Trainee: 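Below you will find the structure I want to go over with you.
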Amino acid sequence: MPAQPIPADELRAAVDAVRPWLAGEAGQPARSVLGAAVKTSTRWLAQQVPGRSVELRVPPHVAVQLVPGPRHTRGTPPNVVETDAATWLRLATGELSWAEAVAAGSVSASGNRADLSEHLPLRPLRGH
């Protein structure tokens, strides 16, 4: 996680670069642009909900630990959330609800702390 907090403006800029793609109005952005949106948004969430009890994975871009609670140290964490980049960014922006994503099988969430619905969408991206 970066030493300096991620400013909300930086979060918005990274995600705004992929919004046309998420809306189906443009082709998939360059891997670096998509990766920046995913990494910036997951790390922003991790700085808002610090902890090590849940691992959020958006392969191949990033894995971050967040949510207060028992610290995980070895092996597969007991609380894991995994999804693809498009689903994560739709959750982060509020275009998709947590319940919809889980019901559709777009999010794999295991463990009693793996429900991130109370933290989504990310505050700076709501209603944007």
Side-chain angles (χ1 to χ4, degrees):
M1 196 155 71
Q4 294 294 324
I6 298 167
D9 288 346
E10 186 178 320
L11 169 64
R12 280 190 209 97
V15 174
D16 283 351
V18 300
R19 282 185 188 267
W21 171 64
L22 292 173
E25 298 164 357
Q28 184 166 332
R31 181 181 169 98
S32 61
V33 173
L34 183 56
V38 170
K39 290 173 188 172
T40 303
S41 58
T42 56
R43 291 174 180 160
W44 190 89
L45 179 59
Q47 86 185 12
Q48 301 305 308
V49 191
R52 296 198 173 267
S53 69
V54 176
E55 187 165 289
L56 170 59
R57 300 173 181 166
V58 185
H61 302 287
V62 72
V64 296
Q65 292 186 343
L66 60 157
V67 181
R71 183 184 176 104
H72 166 72
T73 54
R74 293 186 355 191
T76 301
N79 300 285
V80 176
V81 174
E82 188 165 331
T83 190
D84 62 275
T87 300
W88 166 251
L89 292 166
R90 287 184 177 112
L91 287 165
T93 59
E95 291 179 29
L96 180 66
S97 77
W98 179 261
E100 290 168 333
V102 171
S106 301
V107 168
S108 166
S110 61
N112 62 351
R113 294 176 176 271
D115 182 344
L116 299 180
S117 60
E118 71 180 273
H119 309 295
L120 297 167
L122 303 183
R123 280 188 311 276
L125 302 178
R126 289 182 186 158
H128 188 68

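Keep in mind that this is a model prediction, so the values were computed, not measured. Residue numbers count from 1 along this sequence.
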Trainee: Determine all donor-acceptor pairs shorter than 3.5 Å in which one atom belongs to a side chain in residues 27-37; sequence neighbours excluded.
Mentor:
none

Trainee: Could I get the full list of side-chain contact (heavy atoms from CB on, under 4.5 Å) partners for P68, not counting sequence neighbours?
Mentor: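 Partners of P68 under the side-chain contact (heavy atoms from CB on, under 4.5 Å) test: V49.
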Trainee: For R57 and V80, indicate whether the former's side chain and the latter's backbone hold a donor-acceptor pair under 3.5 Å.
Mentor: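 Looks like no, no N/O pair under 3.5 Å.
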Trainee: Ignoring hydrogens and geometry beyond distance, is a side-chain donor-acceptor pair present between S41 and W88 at under 3.5 Å?
Mentor: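 Short answer, yes.
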Trainee: Let me confirm one number: the CG-CZ distance from D84 to R90, rounded to the nearest 0.5 Å.
Mentor: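 So the CG of D84 and the CZ of R90 are separated by 8.0 Å.
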Trainee: Between CG of L96 and CG of L89, what distance do you get to the nearest 0.5 Å?
Mentor: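 Nearest 0.5 Å value for the CG-CG distance: 11.0 Å.
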Trainee: Do side-chain atoms of R126 reach the backbone of P121 as a donor and acceptor pair under 3.5 angstrom?
Mentor: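 Side chain of R126 to backbone of P121: a pair is present.
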Trainee: Could you tell me whether the side chain of T83 and the main chain of S106 form a donor-acceptor pair under 3.5 Å?
Mentor: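 Such a contact is found between T83 side chain and S106 backbone.
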Trainee: Mind checking what makes side-chain contact (heavy atoms from CB on, under 4.5 Å) contact with S97, not counting sequence neighbours?
Mentor: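 Scan of S97 (side-chain contact (heavy atoms from CB on, under 4.5 Å), adjacent residues dropped) gives A99, E100.
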Trainee: What heavy-atom pair brings T87 and A101 nearest, and what distance separates the two atoms?
Mentor: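 Taking T87 first and A101 second, the nearest heavy atoms are CG2-CB, 4.2 Å.
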Trainee: Of all heavy-atom pairs between R12 and P124, which one has the smallest distance, and what is that distance?
Mentor: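 Closest pair (atom of R12, atom of P124, distance): NE-O, 3.0 Å.
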Trainee: Determine the minimum heavy-atom distance between T40 and E10, stating which atoms define it.
Mentor: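 Of all heavy-atom pairs spanning T40 and E10, the closest is CG2-O, 4.1 Å.
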Trainee: Over all heavy atoms of both residues, which pair between N79 and R113 is shortest? Give the atoms and the distance, please.
Mentor: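 Closest heavy-atom pair between N79 and R113: OD1-N, 2.9 Å.
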Trainee: Would you call V81 and W98 a side-chain contact if the rule is heavy atoms closer than 4.5 Å?
Mentor: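 Yes - at least one pair of side-chain heavy atoms lies under 4.5 Å apart.
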Trainee: How long is the span from the CG atom in L116 to the CG atom in L66, to the nearest 0.5 Å?
Mentor: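 L116 atom CG to L66 atom CG measures 6.0 Å (nearest 0.5 Å).
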Trainee: Is there a side-chain contact (heavy atoms from CB on, under 4.5 Å) between V58 and T42? Walk through the geometry before answering.
Mentor: CA-CA 9 Å; V58 185; T42 56; 4.1 Å; yes
Trainee: Within the side chain of S108, is there an N or O that forms a donor-acceptor pair under 3.5 Å with the backbone of E82?
Mentor: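 Looks like no, no N/O pair under 3.5 Å.
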Trainee: Provide the closest heavy-atom pair for I6 versus Q47 in the form atom of the first, atom of the second, distance.
Mentor: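 Between these two residues, the closest heavy atoms are N-OE1, 2.8 Å.
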